[in-house]
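What follows is a short report on a single structure.
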Amino acid sequence: MSRYMTLLFAVACGMSVANIYFAQPLLDQLSSEFGIDYSMIGMVITITQIFYGLGLLLLVPLGDILNQRRLIIGQMLLSMIALVIVGTAPNSTLLFAGMALVGILAVVTQTLVAFAATMAAPAERGRVVGIVTSGIVIGILLARSISGILTDLAGWRSVYLVSAALMLVMVLIFFKLLPQVEREVKTLSYPQLLGSVLILFVQERMLRIRSVLALLIFADFSILWTSLVLPLSRPPFSLSHSAIGAFGLVGVAGALAAARAGKLADRGYGQRTTGIALILLLISWLFISYTEQSLFALVIGIVLLDLAVQAVHVTNQTMILPLRVEARSRLTAGYMVFYSIGSASGSIASTHIYAHYGWEGVCLLGASVSAVALLFWAMTRRATAAEVK
């Protein structure tokens, strides 16, 4: 797989996944415009994540039985329509409906990851998955910066309308450049296809272990990024949307640094990489807890947290995708359902905790989830080592 095509996949993944995170720096503005209470505004993110989870289960497995090129282009076209609905929503009902569509169609990112793993040679699969997955995390982080800047310039609706236009451009590029990949495909009915995802969980212990880790690390990720806008937009900081979104740029440094995790997994260091990353994840909350005293401490915490989450995520995917060559889309779907559950849980929990216990409560929640993840990794070390052998 050429470097150019790998980077194109990464950009497409970043653009697609950004659509479900644009709203995070806008929660206060959406709350005011649509009359949604602060304690419930996290539902904007949660609904998107819930439907993203449904898309993972209902759409991503189709990549194992359908033409992946057509599936990718079709989903991106429908995403463009969903973005227009959100950008023109006159009331909260249409806003939530549009967000649900954006969420369910954003799963094209995982179809792209599975397609990239199919195109890549075995010796480079970890590197390719690492670069493409980095595109996803960078897209999530840049979504906040882009969202903040566009909101300050032209209002929050411009965020979704601009994204729709860019999505159309990417569809045209993919229509011209995305290759047709011939592969042997089993004939399965749609119910059999969905049922086989559950069967994979029963049969593959590595998938179960890595999926639980995904749930925990992305709950942690969402706990920070969903609630961060709330203290930063209030006194003593009272930062603009652009300034709040700029903290996403800080996280990109951590995500880029973690791109090599796939190479380390290719060399057999997946377990060691995971353990070190989870320790850094726990440490990151110590720095984040000083946000109200020092924005510099927050910056350090963000870099550590995003580095840790991306390193574990890349390692997870590098370790599960080779389990079943013929079922990579289903493996990805099953794994990412846990990602979605974690993200949705973290979003709603963080805003609820902030409303009742403030930033200290949010940090305690994040540190607790990090500790549970580290403990789970330690408890499953032997089982994972046995699977690798």
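This structure is a prediction, so every number in the text was calculated from the model and none was measured.
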When you look at L59 and T111, which way does the side chain to side chain contact (heavy atoms under 4.5 Å, CB included) test go after all the steps? CA-CA 9 Å; L59 297 182; T111 305; over 6 Å; no
Just wondering, are more than 12 heavy atoms of other shown residues or ligands nearer than 6.0 Å to CZ in F22? yes
Could you tell me which non-hydrogen atom of A311 sits nearest to which non-hydrogen atom of T273, and how far apart they are? CB-CG2, 4.4 Å
4.5 Å side-chain heavy-atom contact, L228 and L298: yes
Do the non-hydrogen side-chain atoms of S289 and E360 ever get within less than 4.5 Å of each other? no
H313 side chain near L213 side chain, heavy-atom distance below 4.5 Å: no
Would you give the length of the straight line joining atom OG of S211 to atom CG of L216, rounded to the nearest 0.5 angstrom? 11.0 Å
Looking only at heavy atoms, the pair that brings A349 and L365 closest together is CB-CD2, 4.0 Å
pair L304-F287: side-chain heavy atoms closer than 4.5 Å: yes
Is there a donor-acceptor contact under 3.5 Å from the side chain of S343 to the main chain of S340? no
Taking all heavy atoms of A373 and all of L278, pick out the closest pair and write down the distance. O-CD1, 3.7 Å
Could you tell me the separation between the CG atom of L177 and the CE atom of M5, rounded to the nearest 0.5 Å? 5.5 Å
Write down the atom of I223, the atom of S350, and the distance for their closest heavy-atom approach. O-CB, 3.4 Å
Rounded to the nearest 0.5 Å, what's the gap from CG on N316 to OG1 on T133? Could you check? 10.0 Å
Walk me through whether S163 and M15 qualify under side chain to side chain contact (heavy atoms under 4.5 Å, CB included). CA-CA 8 Å; S163 182; M15 286 176 54; over 6 Å; no
Taking atom OH as the centre, does Y290 end up with more than 12 heavy-atom neighbours from other residues, nucleotides or ligands that are less than 6.0 angstrom away? no
same_hphob_cluster(L77, V60) at 4.5 Å side-chain heavy-atom cutoff: yes
Report yes if the distance between the aromatic ring centroids of Y52 and Y339 is under 6.0 Å, otherwise no. yes
Could you tell me if R69 sits above the aromatic ring of F175, with its cationic atom closer than 6.0 Å to the ring centre and no more than 45 degrees from the axis? yes
If two hydrophobic side chains count as joined below 4.5 Å and joins carry through other members, does I199 share a cluster with V197? no
In one Ile/Leu/Val/Met/Phe/Trp/Tyr side-chain cluster, 4.5 Å: L364, L375: no
In one Ile/Leu/Val/Met/Phe/Trp/Tyr side-chain cluster, 4.5 Å: F376, V337: yes
Do R324 and Q203 come close enough that some side-chain heavy atom pair is under 4.5 Å? yes
If you measure from OG1 on T6 to CZ on R3, what distance do you get to the nearest 0.5 Å? 7.5 Å
Rounded to the nearest 0.5 Å, what's the gap from CD on E326 to CG on L323? Could you check? 10.5 Å
Parallel, tilted or perpendicular: which describes the rings of Y354 and W359, with under 30° parallel and over 60° perpendicular? perpendicular
Backbone of I288 reached by a side-chain donor or acceptor of T291 within 3.5 Å: yes
Check the pair F338 / F201 against ring-ring contact (aromatic ring centres under 6.0 Å, His included), numbers first and verdict last. CA-CA 12 Å; F338 281 75; F201 271 106; 5.4 Å; yes
Side chains of V84 and Y160 in contact at under 4.5 Å (non-hydrogen atoms): no
Under 3.5 Å, is there a donor-acceptor pair linking the side chains of T332 and Q317? no
CG (L193) and OG (S329) are apart, to the nearest 0.5 Å, by 9.0 Å
According to the interplanar angle, ranging from 0 to 90°, do the rings of W225 and F221 count as parallel (below 30°), tilted (30 to 60°) or perpendicular (above 60°)? tilted
N19 side chain vs V102 backbone, donor-acceptor pair below 3.5 Å: no
Looking at the rings of Y357 and H352, which for Trp means the six-membered one, are their centres under 6.0 Å apart? no
Give me the atom names and distance for the closest heavy-atom approach of Q75 to V107. OE1-C, 4.2 Å
Verify the ring-centre separation between Y4 and F9: is it less than 6.0 angstrom? no
For C13, does its backbone N or O pair with a side-chain atom of S16 as donor and acceptor, under 3.5 Å? no
Closest approach of L200 and A327, non-hydrogen atoms and distance? CD1-CB, 4.2 Å
Given side chain to side chain contact (heavy atoms under 4.5 Å, CB included), test L280 with S284 step by step and report yes or no. CA-CA 6 Å; L280 292 177; S284 72; over 6 Å; no
Using the rule given for salt bridge (charged side-chain N to carboxylate O under 4.0 Å, His left out), can you reason through R210 versus E204, listing the C-alpha separation, both sets of side-chain angles and the distance that settles it, and then say yes or no? CA-CA 10 Å; R210 291 285 152 174; E204 300 292 347; over 6 Å; no
Does any non-hydrogen side-chain atom of R208 lie less than 4.5 Å from one of V212? no
State whether the number of non-hydrogen atoms from other residues, nucleotides or ligands found under 6.0 Å of Y190 atom OH is greater than 12. yes
Charged N-O contact under 4.0 Å between E292 and R234: no
Mind checking whether M80 and L161 sit in one hydrophobic cluster, side chains of I, L, V, M, F, W, Y counted as touching below 4.5 Å? no
Do I341 and F218 have side-chain heavy atoms sitting under 4.5 Å apart? no
Worked verdict on L66 versus R70 for side chain to side chain contact (heavy atoms under 4.5 Å, CB included): CA-CA 8 Å; L66 298 181; R70 293 176 185 172; over 6 Å; no
Does any donor atom in the side chain of S347 or S222 lie under 3.5 Å from an acceptor atom in the other side chain? yes
Could you tell me whether the side chains of S196 and R330 share a donor-acceptor contact shorter than 3.5 Å? yes
Going by atom types only, do T274 and Q271 share a side-chain donor-acceptor pair under 3.5 Å? no
